[in-house]
Amino acid sequence: MIKKVQYTIMLGMIGVFALILVNTNNNPVRESFTYFPPDPDVSFVSARTSLSILTQEDEDEYTLNWKSESTLSEVAYLRQDLSFLYEEGRLIDTMSSWKENTATIHQKQEFTSEDSGHYEAISYHYGEIHYPNDIIRSAQEMSYDQLYVIDSPMTPLESFKKATNEEEKEWEYILDHAMIQQSQLIFKAMVTEYKIHPEDYYIIPLTSLYHYQDKPLPGLSKSQTTDVIGGLWEGLYKNYFIGIESTGGRTESPIGSTIPMVLLHKQSPYLLVLFQSKSGRNIQLIQYLNEPILDR
């Protein structure tokens with residue numbers, strides 16, 4: 001029988017929260033970034049994610065251009081941008097870049113695909129600012145883009161970000177309908193396995209989290225929201241981006257996994273993150289709000 005272990009990744013500092021991987025093995029994190037309290041004097045002057053059709057290789061293939069770009073208002077000790085690309089609700093690729101003593105990060109990647117599809121990309125832009133006496137602060141921003149690609153033998157290759165006519169609305173429905181149905185089945189299986197009552201939570205897909213860049217999450221203040229989002233992305237980096245820990249000390253790639261669903265409890269100070277790996281394993285993460293202060 002496989003022993004199931006719970007462990008906590010402590011995020012420390014005032015207002016910063018914890019993310020716990022539930023039902024997994026406790027192996028050392030290979031690499032990570034750490035969220036620190038926000039710096040009121042530093043912000044992002046630009047942060048952008050973009051998806052576009054770059055070229056059409058032939059009648060069966062096209063190249064998708066995926067970019068993530070950001071610039072901080074000043075040079076930071078450490079800059080990092082992290083971006084996830086999803087197709088039909090499944091992770092198909094990731095990008096991440098670390099730089100020291102810079103304000104700007106540019107990332108881009110080309111992805112060859114075929115057939116029609118709905119692509120979504122969400123990025124987390126982060127800066128770590130160091131001051132004398134070991135004071136560390138941070139700045140963060142999120143950005144998002146989506147693209148519907150219509151690759152039909154009956155019409156030329158087309159793409160749009162938001163449906164503006166009846167034909168595009170029909171394609172939008174066709175591309176999203178099957179994905180939504182499949183996502184609902186997977187979500188139902190996850191809440192059943194973990195004995196979760198969905199009506200007790202505000203449910204937010206990770207790809208919609210950018211809506212809370214400038215407004216608070218339900219039931220939280222703007223300050224609390226900033227810290228929750230920072231802690232959430234730190235945990236996702238450790239438990240999702242660099243690999244999903246499996247039984248026997250193995251690590252499963254996140255590629256092929258579903259879009260993480262964020263479940264913010266309406267009454268209690270915690271949130272859950274649920275997703276399914278490519279192999280079909282259901283994963284639950286938990287982030288406790290108002291975690292005790294720890295010294296670094």
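FYI, side chains are in, hydrogens and waters are out, and symmetry mates aren't considered; it's all heavy atoms of this structure. In this chain, residues are counted from 1 in sequence order.
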As a quick check of understanding, evaluate side chain to side chain contact (heavy atoms under 4.5 Å, CB included) for Ile53 and Leu147, giving each step before the final call. CA-CA 9 Å; Ile53 296 295; Leu147 190 69; 4.2 Å; yes
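- Applying the 6.0 Å contact sphere to NZ of Lys222 captures more than 12 heavy atoms from other residues, nucleotides or ligands.
- Side-chain contact between Ile150 and Leu175: present, with at least one pair of heavy atoms (C-beta onward) separated by less than 4.5 Å.
- Counting heavy atoms of neighbouring residues, nucleotides and ligands inside a 6.0 Å radius, atom CZ of Arg90 exceeds 12 of them.
- The closest donor-acceptor contact from the side chain of Ser52 to the backbone of Leu54 lies at 3.5 Å or more, if one exists at all.
- For Phe160 against Glu168, the heavy-atom pair with the smallest separation is CZ-O, 3.4 Å.
- Hydrophobic clustering, with ILVMFWY side chains joined whenever heavy atoms are under 4.5 angstrom apart, groups Trp66 together with Leu157.
- Glu128 and His130 share a side-chain donor-acceptor pair at under 3.5 Å.
- Looking only at side-chain heavy atoms (C-beta outward), Glu170 and Glu167 stay at 4.5 Å or farther from each other.
- No more than 12 heavy atoms of other residues, nucleotides or ligands shown are found within 6.0 angstrom of CD on Gln267.
- In this structure, Thr225 contributes its side chain and Pro216 its backbone to no donor-acceptor pair below 3.5 Å.
- A donor-acceptor distance shorter than 3.5 angstrom exists from the side chain of Gln146 to the backbone of Lys161, with no hydrogens or angles considered.
- Counting only heavy atoms from C-beta outward, the side chains of Tyr131 and Ile136 never approach each other to under 4.5 Å.
- With hydrogens and angles disregarded, no donor-acceptor distance shorter than 3.5 Å links the side chain of Glu120 to the backbone of Gly89.
- The pair Glu252-Arg281 counts as a salt bridge, with a side-chain nitrogen and a carboxylate oxygen less than 4.0 angstrom apart.
- Residue Asp134 qualifies as open at atom CG: its count of foreign heavy atoms under 6.0 Å is 12 or below.
- In this structure, NZ on Lys99 lies 7.5 Å from NE2 on His106, to the nearest 0.5 angstrom.
- Checked by atom type and distance alone, the side chain of His197 never pairs as donor or acceptor with a backbone atom of Asp200 at under 3.5 Å.
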Stepwise, does the side chain to side chain donor-acceptor pair (under 3.5 Å) test hold for Ser70 with Arg79? CA-CA 10 Å; Ser70 64; Arg79 281 290 336 275; 2.8 Å; yes
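- Side-chain contact, Ser96 with Gln80: a donor N or O sits under 3.5 Å from an acceptor N or O.
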What do the steps show when you test Phe187 against Phe275 for side chain to side chain contact (heavy atoms under 4.5 Å, CB included), and what is the final call? CA-CA 8 Å; Phe187 183 74; Phe275 62 91; over 6 Å; no
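- Tyr77 and Glu100 form no side-chain donor-acceptor contact under 3.5 Å, judged by distance and modelled atom types alone.
- With rounding to the nearest 0.5 Å, the separation of OG in Ser253 from CD1 in Ile244 is 7.0 Å.
- Defined by atom type and a distance below 3.5 Å, a donor-acceptor pair is missing between the side-chain atoms of Ser83 and Ser68.
- No donor-acceptor distance shorter than 3.5 angstrom exists from the side chain of Thr49 to the backbone of Asp145, with no hydrogens or angles considered.
- The shortest side-chain heavy-atom distance between Gln184 and Ile180 falls under the 4.5 Å cut-off.
- For the pair Ser208 (side chain) and Ile204 (backbone), a donor-acceptor distance under 3.5 Å is absent.
- With Trp233 as the partner, the ring-ring contact (aromatic ring centres under 6.0 Å, His included) test is satisfied by one option alone out of Phe241, Tyr124, Tyr35: Tyr124.
- With no hydrogens or angles considered, a side-chain donor-acceptor pair links Asn282 and Glu193 at under 3.5 Å.
- In this structure, Met142 CE and His211 NE2 are separated by 10.0 Å, a value rounded to the nearest 0.5 Å.
- Using a 4.5 Å heavy-atom cutoff, the side chains of Leu64 and Thr112 are not in contact.
- Between the side chains of His118 and Glu88, no donor-acceptor pair of N or O atoms lies under 3.5 Å.
- The side-chain heavy atoms of Ile92 and Phe111, taken from C-beta on, include a pair separated by under 4.5 Å.
- Within a 6.0 Å sphere centred on CD of Glu74, other residues, nucleotides and ligands contribute more than 12 heavy atoms.
- Ser159 places no side-chain N or O within 3.5 Å of a backbone atom of Tyr148 that could act as its donor or acceptor partner.
- Pairing each heavy atom of Glu141 with each of Phe44, the nearest pair is CB-CD1, 3.7 Å.
- To the nearest 0.5 angstrom, Leu78 atom CG is 9.0 Å from Asn101 atom CG.
- Annotation for Ile203 and Leu263: closest pair CG1-CG, 4.1 Å, computed over non-hydrogen atoms.
- Listed for the Gln213 side chain is no donor-acceptor partner under 3.5 Å among the backbone atoms of Tyr210.
- For the residue pair Gln109 and Asp93, a side-chain donor N or O sits within less than 3.5 Å of a side-chain acceptor on the partner.
- Ring-plane geometry between Tyr237 and Trp98 is classed as perpendicular, the angle between the planes exceeding 60 degrees on a 0 to 90 degree scale with a lower cut at 30.
- With a 4.5 Å cut-off on side-chain heavy atoms, Leu264 and Pro218 count as touching.
- The structure places CZ of Phe84 at 6.5 Å from CG of Leu206, a figure rounded to the nearest 0.5 Å.
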Give the C-alpha distance, both sets of side-chain angles, the deciding distance and a yes or no for side chain to side chain contact (heavy atoms under 4.5 Å, CB included) between Leu274 and Ile196. CA-CA 11 Å; Leu274 302 178; Ile196 295 167; 3.8 Å; yes
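- Listed here is the closest heavy atom pair of Lys108 and Met95: C-SD, 3.8 Å.
- No side-chain heavy atom of Leu51 sits less than 4.5 Å from a side-chain heavy atom of Lys67.
- Under the 30°/60° scheme for interplanar angles, the aromatic rings of Tyr62 and Tyr119 are found to stand perpendicular.
- Shown here for Gly243 and Thr251, the closest heavy-atom pair between the two residues is CA-CG2, 3.4 Å.
- Side chain of Gln287 to main chain of Val228: a donor-acceptor pair is present (N/O by atom type, distance under 3.5 Å, no hydrogens or angles).
- Under the side chain to side chain donor-acceptor pair (under 3.5 Å) criterion, Ser257 pairs with Tyr240, sequence neighbours left out.
- Leu85 approaches Ala121 most closely through the heavy-atom pair CD1-CB, 4.1 Å.
- One side chain, Ser277 or Ser279, offers a donor N or O that lies under 3.5 Å from an acceptor on the other.
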Could you check Val273 against Leu232 for side chain to side chain contact (heavy atoms under 4.5 Å, CB included), going step by step and ending with a plain yes or no? CA-CA 9 Å; Val273 179; Leu232 176 63; 3.5 Å; yes
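- Residues Met179 and Trp171 do not share a hydrophobic cluster, clusters being chains of Ile/Leu/Val/Met/Phe/Trp/Tyr side chains in contact below 4.5 Å.
- Annotation: cation-pi pair Lys266/Tyr202 present, NZ/CZ under 6.0 Å from the ring centroid and within 45° of its normal.
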